[in-house]
2 protein chains.
Amino acid sequence: MNDTGYSCQQVMRITGLTRRQLSYWRKTGLVVPQDNTRGGHARYSFADLLALKTARKLIDAGVSVQRIRRSITSLTGFLPSCNAPLTELSLVATGDVILVLHREAAFEALSGQEWIYPVAELEREAASIRGEMAPEQNDLFEQSLPARQEAVQQ
Amino acid sequence: MNDTGYSCQQVMRITGLTRRQLSYWRKTGLVVPQDNTRGGHARYSFADLLALKTARKLIDAGVSVQRIRRSITSLTGFLPSCNAPLTELSLVATGDVILVLHREAAFEALSGQEWIYPVAELEREAASIRGEMAPEQNDLFEQSLPARQEAVQQ
DNA sequence: AACGGACAAAAATAACTGTTTTTGTCCGTT
DNA sequence: AACGGACAAAAACAGTTATTTTTGTCCGTT
């Protein structure tokens, strides 16, 4: 119990969220205020504010609340050291996807699938083709050629 | 007509795509070889190779061919100066989304919607709250307060 | 001021359908 | 070696419905 936290009204003004949303999110565990007054009224911490702000921005970007929920649970699975994804992680999003930027890599919040940078690789590869290969003989790119069968008919 | 391009077999080895795919993509206009031999056989240019490689990588990342098609048409709409999105743009993708990195910004290939970086903004905002605001009075964050009505009941 | 409850509208999702797209495979031709 | 055609399996998609989630609104309580 402490009285230093942010009240419901303040949070509404700060985040632009409605009382209904705060209430529902509290009840369903999306963002639960850290403290309460003696009367049982919510007091949001600064970290709570950040989480709410992030949620708001994701919503503005078209992400549904359900998707945010699922992302949070999946992220705390992928990154056990992360307790509060909404406040701790670098997120990027549009309607369909939440991307997590983490240690130079990017992966999707829901599936955990890592994103590829096709073009970045391509630039390196392009150089090698240009320099080293004549159109006639080149197997630099080969994904997994079993034993160099010539001209397989697929 | 020239004979310096890459033959179908070579392209298959280089890109890991099947003959069927090359054939179908040629027929449907996804990637059409730049040249032909006198006999009417395909000769892929280096740029074609890059496009094929990129397509392959997108597919590996779970993007469907249909989505690639739609992304290409939408991108040539957004960026009229870009004739061959697959070879010219920086793309990042997972199954659901293709992101285009373009001039410091990121936007989705299909919708053109720009991605937001909630946390980047948050860091700046966090500083201002921490520094300037006591929990009691703070409307720095206010989205669009009409005329400062106190405590609106929503 | 803030809470909670109850009812309804809106939004998002899941589950299903039929259709289209994409690929594999086989075959004959150049 | 490469092409094209034809048939079928697999994958992706669009469109629909029913269900669940989320929000708005009103009301009474502390």
Side-chain angles (χ1 to χ4, degrees), chain A residues 3 5-13 15-33 35-44 55-56 58-73 95-98 110 135-136 149-154, chain B residues 3 5-13 15-33 35-44 55-56 58-73 95-98 110 135-136 149-154:
Chain A
D3 299 330
Y6 297 83
S7 75
C8 196
Q9 284 290 334
Q10 291 170 331
V11 172
M12 285 167 59
R13 287 216 310 277
T15 62
L17 296 164
T18 67
R19 189 171 77 87
R20 191 68 175 82
Q21 287 174 306
L22 293 177
S23 154
Y24 186 61
W25 295 5
R26 210 185 312 139
K27 198 171 83 178
T28 54
L30 186 61
V31 178
V32 179
D35 265 318
N36 282 54
T37 65
R38 271 150 304 242
H41 288 191
R43 282 298 114 106
Y44 289 87
R56 175 80 205 280
L58 291 176
I59 289 174
D60 287 345
V63 181
S64 77
V65 178
Q66 295 186 53
R67 206 176 281 265
I68 296 176
R69 284 184 205 282
R70 275 178 286 158
S71 298
I72 290 176
T73 55
D96 284 337
V97 173
I98 300 179
L110 267 181
E136 268 323 286
Q149 322 137 311
E150 274 297 318
V152 195
Q153 158 95 349
Q154 304 202 52
Chain B
D3 300 330
Y6 296 84
S7 74
C8 195
Q9 284 291 333
Q10 291 170 332
V11 172
M12 285 169 58
R13 287 215 308 275
T15 62
L17 295 164
T18 67
R19 189 171 77 89
R20 191 66 175 84
Q21 286 174 306
L22 293 177
S23 154
Y24 186 60
W25 294 5
R26 210 184 314 140
K27 198 171 83 178
T28 55
L30 185 63
V31 177
V32 179
D35 265 317
N36 282 53
T37 63
R38 269 150 306 241
H41 289 192
R43 281 298 114 105
Y44 289 87
R56 176 78 205 279
L58 292 175
I59 289 174
D60 287 345
V63 181
S64 76
V65 177
Q66 293 186 54
R67 205 176 282 265
I68 296 176
R69 283 183 205 282
R70 274 178 286 159
S71 299
I72 289 177
T73 55
D96 285 337
V97 173
I98 299 179
L110 268 180
E136 269 323 288
Q149 323 137 313
E150 274 296 320
V152 195
Q153 159 93 352
Q154 304 202 51

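Below, each value reflects all heavy atoms present in this structure, side chains not excepted, and no hydrogens, waters or symmetry copies. Residue numbers start from 1 in every chain, and the chains themselves are labelled A, B, ... in the order their sequence lines are given, proteins ahead of strands.
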Write down the atom of [X], the atom of [Y], and the distance for their closest heavy-atom approach.
{"X": "Arg43(A)", "Y": "Ser7(A)", "result": "NH2-CB, 3.5 Å"}
{"X": "Ser71(A)", "Y": "Ile98(A)", "result": "OG-CD1, 3.5 Å"}
{"X": "Thr18(A)", "Y": "Met12(A)", "result": "C-CG, 4.2 Å"}

Exercise. Do the side-chain N or O atoms of Arg19(A) get closer than 4.0 angstrom to the phosphate oxygens (OP1, OP2) of dG4(C)?
Worked result: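 No, outside the criterion.
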Exercise. In residues 23-30 of chain A, which ones come under 4.0 Å of DNA chain C, going by heavy atoms?
Worked result: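 Listed by number, they are Arg26(A).
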Problem set entry | Contacts of Thr73(B) that satisfy side-chain hydrogen bond (donor to acceptor under 3.5 Å, both in side chains) - sequence neighbours left out |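 Here no residue qualifies.
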Problem set entry | With Arg69(A) via side-chain hydrogen bond (donor to acceptor under 3.5 Å, both in side chains) - residues at least two apart |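 By the side-chain hydrogen bond (donor to acceptor under 3.5 Å, both in side chains) rule, Arg69(A) matches Thr28(A).
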Problem set entry | B/S/- contact track for nucleotides 6-16 of chain C, protein heavy atom under 4.0 Å | B-----SS---
Problem set entry | Residue whose closest nucleotide on DNA chain C lies nearer the 5' end, Ile59(B) versus His41(B) |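 Residue closer to the 5' terminus by nearest nucleotide: Ile59(B).
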Exercise. For the atom pair OH (Tyr6(B)) and OG1 (Thr15(B)), what is the distance rounded to the nearest 0.5 Å?
Worked result: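 Spacing of OH (Tyr6(B)) from OG1 (Thr15(B)) equals 12.0 Å.
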How many whole angstroms separate atom [atom1] of [X] from atom [atom2] of [N]?
{"X": "Leu17(A)", "N": "dT23(D)", "atom1": "CG", "atom2": "P", "result": "9 Å"}
{"X": "Leu58(B)", "N": "dA12(D)", "atom1": "CG", "atom2": "P", "result": "14 Å"}
{"X": "Gln21(B)", "N": "dA10(D)", "atom1": "CD", "atom2": "P", "result": "17 Å"}
{"X": "Ile68(B)", "N": "dC13(D)", "atom1": "CD1", "atom2": "P", "result": "10 Å"}

Problem set entry | Among Val31(B), Val11(B), Leu30(B), side chain to side chain contact (heavy atoms under 4.5 Å, CB included) partner for Leu22(B) |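 Answer to the side chain to side chain contact (heavy atoms under 4.5 Å, CB included) test with Leu22(B) among Val31(B), Val11(B), Leu30(B): Val11(B).
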Problem set entry | Intra- and interstrand pairs of DNA chain C - dot-bracket, Watson-Crick/G-U under 3.5 Å, | marks other strand | ||||||||||||||||||||||||||||||
For this session: Go through the structure and list residues passing side-chain contact (heavy atoms from CB on, under 4.5 Å) with Ser23(B), not counting sequence neighbours.
Result: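 With sequence neighbours excluded, Ser23(B) shows a side-chain contact (heavy atoms from CB on, under 4.5 Å) to Arg20(B), Arg26(B), given in chain and number order.
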Exercise. Hey, are the side chains of Cys8(A) and His41(A) touching, using non-hydrogen atoms and a 4.5 Å cut-off?
Worked result: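 No, side chains not in contact.
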Exercise. Is there side-chain contact between Val65(A) and Tyr24(A), with at least one heavy-atom pair below 4.5 Å?
Worked result: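 A side-chain contact is absent here, since even the closest heavy-atom pair is not under 4.5 Å.
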